[in-house]
Structures are given as structure tokens and as C-alpha cells.
Amino acid sequence: METFSQQSGIIADGAKPQLVSNQFSFTEGPASDKKGNVFFTDQPNNKIWKYDTDGKLSVFLDNAGRSNGTYFDKKGNLITCADEHNEIWSISPDKKVTVLLKGYQGHVFNGPNDLWIDKKGGMYFTDPYYQRNYWERKSPDAGINGEKLYYLPKGKKEAILVDPEIKKPNGLIGTPDNKYLYVSDMGNRAIVRYNINADGTLTNKTEFAKDLSDGMTIDNQGNVYLAGRGVSVYNPEGKKIEQIDISAKWTANVCFGGKNKDILFITASESVFVLPMKVKGVN
């Protein structure tokens, strides 16, 4: 039985996580389009699914490049971390795939994991190494030299290394005013926050919360939602204000969807859940 305090006032009165389906192998990477439809990945089965604003589930794309984290750009393309061949893809609404990035300075990425697109159209993405059973390789490209955080400026073909010191970056999310970027460093079991500079570089790295998180999202009050053991919610000052328990082994990721962007969509192992909220998501 899921229990949580609701003292934060961010969850709709009396609402509890509702199971949508548990037909998957491992769900990840939820992202909502402008209409509020949510797209998410089932990486072991190599599919991207769509959960529309009427609550209907359908397969959006088979042979999805083993996509993991996703995010929509302003043109409505679904940008995905496709780690089958360690690439970043752009998938158009009519399902045309364009490979945006294949590596860094001639070296093969570890396996792009999650991404966030800023208001300029630049993209931050994480590149940890998690061995996949569908890879032939058994170790990282030595030229990559670690698990890093990158930024791809809009219109550029080569990413910029923006934090070479991070240990094992995973989920990330930025604020809509483009002032701050939050990143989960699973290697240090901490969430770090950066100031975003005009050129996309990052400064003033600080520890925001001591917590273990996979994917994450943010609401219109600036609260940060961390997926891991259920969903933990922290206010902008880094104080934990809510714990949403989910009946699953692991909660991998979270986003806001629905016609009013007030439905919290949660990917959790074999399942996906929804939770009505009083707050809304932001783009």
C-alpha cells in the first residue's frame, strides 16, 4: 500500500499513484509533447510507447535504437539517447530517424543516458557506462576517459565537455529560466546543481541534495522530483518536502504530462503509473 504525507500540498487531494500497465520489461525516459502526450521507452524490448492524453497506450516506434532518456525539441522532434550504438537520435513526428551525435572527438560514447534541451536549443546530456547485454564490447572506449557531462550547442556537430570531474552522471533537468542545471551523480550518490552560463558552460557546482536518483523532472514551483526509491521531491532550497512511494523494485524516471501538464507520469521497472497533481510541469 503506497503511503505518503501529502503535507507538501503538491499532490491532488486524496490522489494515489494509479497503475496504467505492467506489461513492460524496464520503462524509462518519459517526455511529454506540447499536447501533453507522454512518450516513454521500454529499452529491453527496444520500443518507444505513447500514452496519450485520453489514457490510451500504443507503440510509437519499434527498433528504437535501445533508446533510454528522451526530450522533445521545439519542433516536436523526440530527441533520444539511443545506446544500441551509443548515439543521440532525433525522431520526427512521422518517425524519421536522424543521428545527431555518434561520439566525442572521434571516440565512441559510453552510452548516452539522459538529456535536457535549453531554451536556445542546446542540449545537455550524460554519458555513464552501464554494460548492456546487446553490446559486443565489454569496456569503454579508452579515449573517452571517464563518465562525463556534455553540452551540444544548437547547430553544432561536436559536443563540449562541461564537467570532466563528475563521477557517474545519470538523470538531469534544467530550470525553464535556464539559470540552473540539476544532475544526478550516481557515483557520489548526490544531486549537484550548476549555474548555466550564456555560452552553455557550467559554473558554481554545488551539492543540492544527498540522494540517489535516476531520472528527474521539475514543476512550476521549482520543486525537483527525483526518481529512484519511489519519487522524492525537494524544494528549490534543497529541502525534501515529499516522498511518493511506488510499488516497484525501482523507479527509473518521471515527467509531467496530460492536457494541463498536471499529471505526474512515473516509469517504474515493468510498470508505468500516473498521479494527479496540484502543480504543473514546465518546458
Side-chain angles (χ1 to χ4, degrees), residues 20-53 55-103 108-117 123-137 150 152 159 169-173 214-217 227 248 250-257 265-274:
V20 174
S21 177
N22 59 1
Q23 64 181 289
F24 315 103
S25 292
F26 191 81
T27 55
E28 249 287 10
S32 63
D33 64 14
K34 289 179 181 178
K35 294 180 180 178
N37 304 301
V38 176
F39 294 72
F40 64 96
T41 66
D42 184 3
Q43 194 174 37
N45 291 314
N46 203 14
K47 297 179 188 296
I48 297 175
W49 286 77
K50 178 182 179 180
Y51 176 75
D52 71 19
T53 55
K56 180 186 174 186
L57 272 174
S58 59
V59 174
F60 171 69
L61 188 68
D62 283 307
N63 300 315
R66 302 284 184 171
S67 287
N68 192 349
T70 74
Y71 204 83
F72 276 95
D73 69 12
K74 289 181 180 178
K75 295 181 180 178
N77 302 305
L78 185 62
I79 313 302
T80 79
C81 294
D83 79 10
E84 183 173 21
H85 300 295
N86 315 296
E87 298 169 334
I88 294 182
W89 285 10
S90 173
I91 306 170
S92 69
D94 62 0
K95 306 179 186 181
K96 180 186 177 185
V97 173
T98 303
V99 178
L100 299 180
L101 276 181
K102 292 186 175 184
V108 178
F109 284 128
N110 293 317
N113 183 280
D114 205 358
L115 65 105
W116 175 72
I117 298 171
M123 174 177 60
Y124 293 91
F125 64 96
T126 59
D127 187 42
Y129 189 89
Y130 293 102
Q131 183 67 47
R132 305 301 192 192
N133 59 13
Y134 43 83
W135 289 347
E136 291 184 7
R137 65 173 180 160
Y150 297 91
L152 180 67
N170 195 297
L172 75 171
I173 194 72
D214 199 335
M216 60 180 73
T217 193
W250 181 251
T251 302
N253 217 324
V254 62
C255 81
F256 282 87
F265 187 91
I266 302 159
T267 60
S269 301
E270 300 91 0
S271 307
V272 291
F273 295 82
V274 290

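Not measured: the values here are computed from a predicted model.
Remark: side-chain polar atoms of Arg66 are paired, donor with acceptor, to backbone N or O of Gln43 under 3.5 angstrom. Of the possible donor and acceptor atoms, none in the side chain of Ser25 sits under 3.5 Å from a partner among the backbone N and O of Pro44. Asn113 places no side-chain N or O within donor-acceptor distance of the main-chain N or O of Thr126, the cut-off being under 3.5 Å.
Residue Val38 comes nearest to Cys255 through the heavy atom pair CG1-SG, 3.9 Å, listed as atom of the first residue, atom of the second, then distance. Across all their heavy atoms, Lys102 and Val99 have their closest contact at CG-CG1, 3.7 Å.
Remark: Ser21 pairs with Gln23 by the side chain to side chain donor-acceptor pair (under 3.5 Å) rule, at least two apart or across chains. Checked against side-chain contact (heavy atoms from CB on, under 4.5 Å), Pro93 has the following partners two or more places apart in sequence or in another chain: Asn77. Listed by chain and number, the residues in a salt bridge (charged side-chain N to carboxylate O under 4.0 Å, His left out) with Asp62 are Lys47 (sequence neighbours excluded). Taking Tyr150 as the reference, Tyr104, Phe109, Phe125 meet the ring pair (Phe, Tyr, Trp, His ring centres under 6.0 Å) condition, with sequence neighbours excluded. By the side chain to side chain donor-acceptor pair (under 3.5 Å) test, Thr53 is found to be paired with no residue, residues two or more places apart in sequence or in another chain being considered. Residues passing the side-chain contact (heavy atoms from CB on, under 4.5 Å) test with Lys56 are Asp52, sequence neighbours excluded. Under the side chain to side chain donor-acceptor pair (under 3.5 Å) criterion, Asn110 pairs with Asp127, sequence neighbours left out. Applying the side chain to side chain donor-acceptor pair (under 3.5 Å) test to Thr80 and every residue at least two apart in sequence or in another chain returns Ser67. In this structure, Asn133 has no side-chain contact (heavy atoms from CB on, under 4.5 Å) partners at least two apart in sequence or on a different chain.
Considering CZ of Phe60 and CG of Asn37, their distance stands at 10.5 Å, rounded to 0.5 Å. Note: Lys50 NZ to Ser32 OG = 12.0 Å, rounded to the nearest 0.5 Å. With rounding to the nearest 0.5 Å, the separation of CZ in Phe39 from CD1 in Ile48 is 9.0 Å.
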Next on the checklist: Before you tell me yes or no, could you show the steps for Tyr130 and Asn68 under side chain to side chain donor-acceptor pair (under 3.5 Å), namely the whole-Å CA-CA distance, both residues' side-chain angles and the distance that decides it to 0.1 Å?
Outcome noted: CA-CA 12 Å; Tyr130 293 102; Asn68 192 349; over 6 Å; no

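Residues Met216 and Asp114 fail the side-chain proximity criterion, which asks for heavy atoms closer than 4.5 Å. Contact annotation: the side chain of Pro30 never approaches that of Thr70 to less than 4.5 Å [non-hydrogen atoms, C-beta and beyond]. The shortest distance between side-chain heavy atoms of Leu61 and Ile91 falls below 4.5 Å. Between Ile79 and Trp116, the closest side-chain pair of non-hydrogen atoms is not below 4.5 Å. Contact of the Ile117 side chain with the Leu115 side chain is registered, since non-hydrogen atoms from C-beta on lie closer than 4.5 Å. Side-chain contact between Thr98 and Trp89: absent, with no pair of heavy atoms (C-beta onward) separated by less than 4.5 Å. Considering only heavy atoms from C-beta on, Tyr129 stays 4.5 Å or farther from Asn86 through its side chain. Contact annotation: the side chain of Thr217 approaches that of Phe256 to within less than 4.5 Å [non-hydrogen atoms, C-beta and beyond].
Applying the salt bridge (Lys or Arg N to Asp or Glu O under 4.0 Å) test to every pair with at least one member in residues 68-90, sequence neighbours left out, gives these pairs: Asp83-Arg132. Residue pairs satisfying the salt bridge (Lys or Arg N to Asp or Glu O under 4.0 Å) criterion with at least one member in residues 29-42, sequence neighbours excluded, are absent.
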Show me the side-chain donor-acceptor pairs of residues 265-274 shorter than 3.5 Å, one per line, residues at least two apart or across chains.
{"residue": "Thr267", "atom": "OG1", "partner": "Asn253", "partner atom": "N", "Å": "3.1"}
{"residue": "Thr267", "atom": "OG1", "partner": "Asn253", "partner atom": "O", "Å": "3.2"}
{"residue": "Ser269", "atom": "OG", "partner": "Trp250", "partner atom": "N", "Å": "3.1"}
{"residue": "Ser269", "atom": "OG", "partner": "Trp250", "partner atom": "O", "Å": "3.0"}
{"residue": "Glu270", "atom": "OE2", "partner": "Lys249", "partner atom": "NZ", "Å": "2.8"}

